[in-house]
Each structure stands twice: as structure tokens, then as C-alpha cells.
Number of protein chains: 2
Amino acid sequence: MKSSATAQEVARLAQVSQSAVSRTFTPGASVSEDTRNRVLAAAKTLGYRPNALARSLITRRSRIIALVMSYLQNQFYPLVIEKLSQSLQKQGYHVLMFISDLEETDGVLAEILQYQVDGIVMASAMLSPDLARQCAESGVPVVLFNRVPDISAFARHSTSSVTSDNHRGGRMVAELLLARGHRRIAFLAGLEKSSTNLERERGFNEVLEAAGVAVFRRAVGHYSFELAKEATRELFAGPDLPDAVFVANDHMAIAAMDVLRQELGLRVPEDVSVVGFDDVPQASWGAYRLTTVVQSVEDMVEATVELLHEQMREGTHPRNVVIPCRVVERDSVRAAG
Amino acid sequence: MKSSATAQEVARLAQVSQSAVSRTFTPGASVSEDTRNRVLAAAKTLGYRPNALARSLITRRSRIIALVMSYLQNQFYPLVIEKLSQSLQKQGYHVLMFISDLEETDGVLAEILQYQVDGIVMASAMLSPDLARQCAESGVPVVLFNRVPDISAFARHSTSSVTSDNHRGGRMVAELLLARGHRRIAFLAGLEKSSTNLERERGFNEVLEAAGVAVFRRAVGHYSFELAKEATRELFAGPDLPDAVFVANDHMAIAAMDVLRQELGLRVPEDVSVVGFDDVPQASWGAYRLTTVVQSVEDMVEATVELLHEQMREGTHPRNVVIPCRVVERDSVRAAG
DNA sequence: CTGAAAGCGCTTACAG
DNA sequence: CTGAAAGCGCTTACAG
């Protein structure tokens, strides 16, 4: 395995000092046109590429961002990987993936820190609040993606976050369902302690309450496809059925629609209206045409990158950015009248 | 930003040499029980973590594997990220993501090599055959995932690959469709020059030909959801319609089913049978229940990791591993008789 | 088992 | 603009 040439070897061939070759590859460093060309020529014939690891050791910037996720079943997250990775690549950063279950979360942080990452984005509702704090304590910029710092004052003041306006989104869903005349409205929850679920449900409940309508029934799907199916069966057991369900995310909403139609023989939206959250690509597929709340991955990623940069500069305070969201109506909610 | 403690500082606190602290963090190195404990204690109070970058510089192993992909729309690939990342993590390796379009593929390689990755897995049918060669030339182990080296003798002998048995899979689909009495069978192609498409179509055609049945019609969807919709419209235009379609992957097959049912008002499988390839999670969703050829992500990932290890050892030859595949029957192909 | 020393491949003051 | 030199944080022969 021929390892790549070193700056030393390039210097020798180009008849300049090693410093000169380093400068040639450092944007903004001062090298004469002549030296630069000699170096470039030599580099080319030797196939030279600066060793990013050695560079990082001395500059103290690895240009690596850790991305921590716990499950990719929900298509929302692959989209995040794609957009975030592309956006970061354009700026010379790269994404190091960490897949973490709830259990092995502590070890993950240790690994991340060993790589001297320049930042961490935690993009999963399923991560322990503890890990978030640990990261922040390490002094590495952290931005929580699609989740909010836990209630401890410490986390709030040391960690940035970007979420969409889950509370507002929950409200909009309740308003829509009420406007369409629904009164027996069920809620299918995700992970109960996740901030996404908490906020969506809070907004949803507020509006229902204000209208004097109680949540008709409630079950928990933990953001899992299979458990959401179970939860749907619960919701639609008994003689008196809901006439609408708000499901805490699209991934579960699709599971719910499958059960409703295939198992229970109910029609959507004629018998039941269904609303999701996220607007994953599958929500617009012909078989589902799910009415949902759109979270803009693009906007969220953009905010994340900006927050990362902010925190890499000294003396900036963490911020919690909230991205507006909106309802996209398709065919899973019955029409007015 | 408090940067982490160094081995030097730990050594001072523990009253040992820096070599001693290095040894306690190097599995298999010889340290007395006593020194080890002193070092561990000191490390703990200082929150010391070995700097992986500095270590890599000297060991010449970064324990980083580059994963190159070009699109994550097809849910098959997120699964690969998840499984591969988990498997590698267990062995102390990590995945650095590279999202690459067909155009900017050259720059990507340069970036990858700067990070001194220990291996590269190229997991996308959409990558230029050229990039594969470049990687191999750099001397870094490369394994092609779900694609095969191009026809040049050089690539064949320098690059490992893992694919499922696409050729056999294509044959099985043709056999199934023939057995169900279909004679007007269309093919909806993916990227025409990709090895997955080539092999699947070749196997498919072989069996049809042997049975004296010509491919009824053919269109190209380039593995894109939108283009697959277009292609489906082409296939089902005119007075004489196909009674079955083999679609080169599930992602496109779902697009096809949407068009068939929503736009064209055809029933699956009563009017048309549809078969896909991959068995992505969505294929089993209630609204589709797609009959398809399953490629085992687990087996493919396992083989990939093994191949990576093989190539990291000197003196091993690249291999092309072919994973068996099988048909899973659901409800998108009409029953016998 | 242990420490002093060399060195991995780079960047960056420091003099000129 | 340029080179010699120090040093980033580690590992690993080499002597003891």
C-alpha cells in the first residue's frame, strides 16, 4: 500500500523548504507565484495531498462534525443526513456518523470526543437528555436537532437547538380538525417524554380545551411503526370510535392508516380523518396522501449549520431557534361541510 | 472552550512518565497494576481522553471508513448507513459520510484521502466507474457496495465488491411472472448502465427469451421516483396494455403502483402484476404489499466489513462477493391459475 | 515494567 | 517572500 507523499518529499523535489509547500496549501499564506507553481508541479507528480490529521493536530480544528442519531426508519432522518452532509461539505466540513441506542449512549460521547470533532449535532428525539449535557460540558459546540434542551437550567444555557414550531403545529392540527367538524378526536403519541411529542400534544390540547372538546382517546406509539399499529388498534377498539386522529409523526401516521384501512376496513377520510407531522416524502405517496404539518429540513439544517458556526466562535451564547411550520392539506382529512 | 487534558498532564499528576500513560491506554501494552491504577485515577480526575488524531498520525490507522453515497431517497441506503455504521462501531471504526453527485465526484476522492481513511465503501449505483478506479489506485481498500467493478481489467482486479445475486433475482422474477400466466410483461429499468440494472435485466430477459416470450414494452426510470412515474405512463399508453411489470427496484415500483392505481385506475394485481427489487421497509406497507426480491442488508453489510478487513491485511486479493437473494411474495402479483 | 528520546506530518511564529 | 526550528499529542523501539 503506497502511502501518499509527504510535504517533505514535495519540498525536496521542488527545491524549496517544507514551509513553502505548507504555505502553498494554506489559503491566504504568502508564497510567490514562482514557488507556488514549483510546489504545485512537484505535488502533482508525487500525488501529494496534505494529511488532514496532522494538520488538525496543530490547528486544533478537525473540520469533522459528529452526527448522532438513533434510528433511521423514520425517513425524516435520512433526509437530515443528506442535507446536513451536503451543506457541511460545501464548507469543508465532514460528517462522522454515530448510531446510538438509548442504552449505549455514554460510550458514544467518549468516542466522539476522541476524534476532536469541531461540533456535535444530535438529531434524534430518542437520545438521553444526559448525553446532551455531557457533550456541552466537554466544551464542544452542540446543537440539538429536532429536540430541545431538557428542563435543567444548565442544559438550557449551554446548548443550542433547532426545532420547528411544534407547539404551533399542534395547534394548527387541532384547529383544522375542529373546523372540519370533528368532535371525537384521538391523539396517537410518540415518545412521551420527547420534546417534539410534548410540544405537539400541548398545542393540540390547548386548542381542543379552549373549544370545550376533550381528547376523545389517547394511545402511545413511541415513534415506532409497529407500536403505532398496536396503538391504532387500541384507539379503535370498542363500540364508540374516534372520527379523527392526530398522529405525532408521519411515520406512525402511515402505520395507523394501514391498520385503519386494511385491518379495520375504515375509509380515510370518509370514516376517519388522519393528520401526521413532518411531511416525509412518503406522506405524499399516492396511497396515503397524508395531510400533515411540514417541517422544513432545509431550513432546519441551515439553522443548524449557522448555530454550529456561531458556537465555534468564542463568546457567543447558545440559542434555541424555532422554525415556522405549516399544514399541507392532502386527502386524509375530510373536506369542510 | 476548555480543551481536554493531555497525556503529559496526566503523567505529571500520576507521577509517571508519559509513556506509562500511553501504555495504559494501549490494549496489550505492559504496565504494572500499580502504575495503571495511578494513571487511570489521574486520567479520571482530569477527564483525559486520548487524542485519536495524534494516535492515528503515528499508528497510521485512522479507524475511519469513508462511506460514499449519492442519494438517500431510496430507503435501501439509509438502512445501509445504519447497519454498516453499527457494525463498524462495534469494532472501533467510524463512518465518515460523503454525499456525492455524479458531477462532483472527483473532488470527493481528494477529500476522502486527506482524512487518511482506512477504507472506502462506495454504496451507490450512481457513482462514476472512474471514481472507483481512482480510489483503488490510491492504495486504500475499497469495497463497492451493491455495484460491481466496471469492465476494465484493472478495476476487476483491484476492487472488491458485494452485490446480491441480481442476475439470479432477475431470473426468478421472470419465472414467477411466467408461472402466473403473464405474457405481456413490461420492464421498467433503473439507471441503464448500473450493474444492478444490467444484471437484473439480463437474468429477466434470459428466462423470458427461453420461454419464447418477448419483453412486451420497456421504459427507463433511472431509479428516480418521479422519472419512474413518467416511465409508467409510457408503459401504459396505447390500446394494448402490459399485464405485468418488473420494476428494477422497489423505490420505483411504488411510484409505478401509485400511477397505475391513482392515475390510470388499474387494479394491482387484478389488472396488472407488479414486482420490485430490494425489499425496502415500504414494500411491506399495507397500501402496497409489494412482491419483490429481497436483498439482505445485514448479509451484505457483514460481507462488506469482512472484505474491508481482508484488504487491510497485506497480500490479500480483492474478491467479488455475491449474496443470494430470494423472492418474497406479497399481494402485487396475481395468484396462480 | 519503566523512562528518555525520536518521530508521525504538518503549521506557524520568528528572523531575515 | 522564505527557511530553520519548535511543537501539536501521541506511540514505539531502545536501554535499563
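Residues of residues 11-20 of chain B having a heavy atom closer than 4.0 Å to DNA chain C, listed by number: B:V16, B:S17, B:S19, B:A20. Residues from residues 23-39 of chain A that place a heavy atom under 4.0 Å from any atom of DNA chain C, listed by number: A:R23.
One interatomic measurement links the two molecules: CD of A:Q114 to P of D:dC8, which rounds to 20 Å at whole-angstrom precision. Rounded to whole Å, atom P of D:dC10 lies 11 Å from atom CD1 of B:I58. B:L53 places its CG atom 11 Å from the P atom of D:dG9, with the value rounded to the nearest Å. We find that CZ of A:R55 is positioned 18 Å from P of D:dG9, with the value rounded to whole Å. If you take CG of A:L113 and C1' of D:dC10, they are 17 Å apart, rounded to a whole angstrom. If you measure from atom CZ of B:R60 to atom P of C:dC10, you get 10 Å, rounded to the nearest angstrom. Here C:dG7 presents its C1' atom at 12 Å from CD of A:Q8, a figure rounded to the nearest Å. Atom CG in A:L57 sits roughly 12 Å away from atom P in C:dT12 (whole-Å rounding).
The number of heavy atoms from other shown groups lying within 6.0 Å of CD (A:E298) is above 12.
In this structure, a donor-acceptor pair under 3.5 Å is present between the side chains of A:S160 and A:Q311. No side-chain donor from either of B:S19 and B:S22 sits under 3.5 Å from a side-chain acceptor of the other.
Nucleotide D:dA15 forms a pair with C:dT2, judged by Watson-Crick or G-U wobble geometry with both contacts under 3.5 Å.
Residue B:S195 comes nearest to B:V148 through the heavy atom pair OG-N, 3.1 Å, listed as atom of the first residue, atom of the second, then distance.
Relative orientation of the A:H94 and B:F98 rings is tilted, given thresholds of 30° and 60° on the angle between their planes. Classified by interplanar angle (parallel below 30°, tilted 30° to 60°, perpendicular above 60°), the ring pair B:F145/B:F76 is tilted.
Taking the six-membered ring wherever Trp is involved, the centroid distance between the rings of B:Y223 and B:Y71 does not fall below 6.0 Å.
At distances below 3.5 Å, at least one donor-acceptor pair connects side-chain atoms of A:S17 with backbone N or O atoms of A:A20.
Within the 4.0 Å cut-off from OP1 or OP2 of D:dC10, not a single side-chain nitrogen or oxygen of B:S22 is found. Proximity of B:Y48 to the phosphate of D:dC10: a side-chain N or O atom is located under 4.0 Å from OP1 or OP2.
Just one residue in the list A:T159, A:N146, A:L144, A:L67 forms a side-chain contact (heavy atoms from CB on, under 4.5 Å) with A:M122, and that residue is A:L144.
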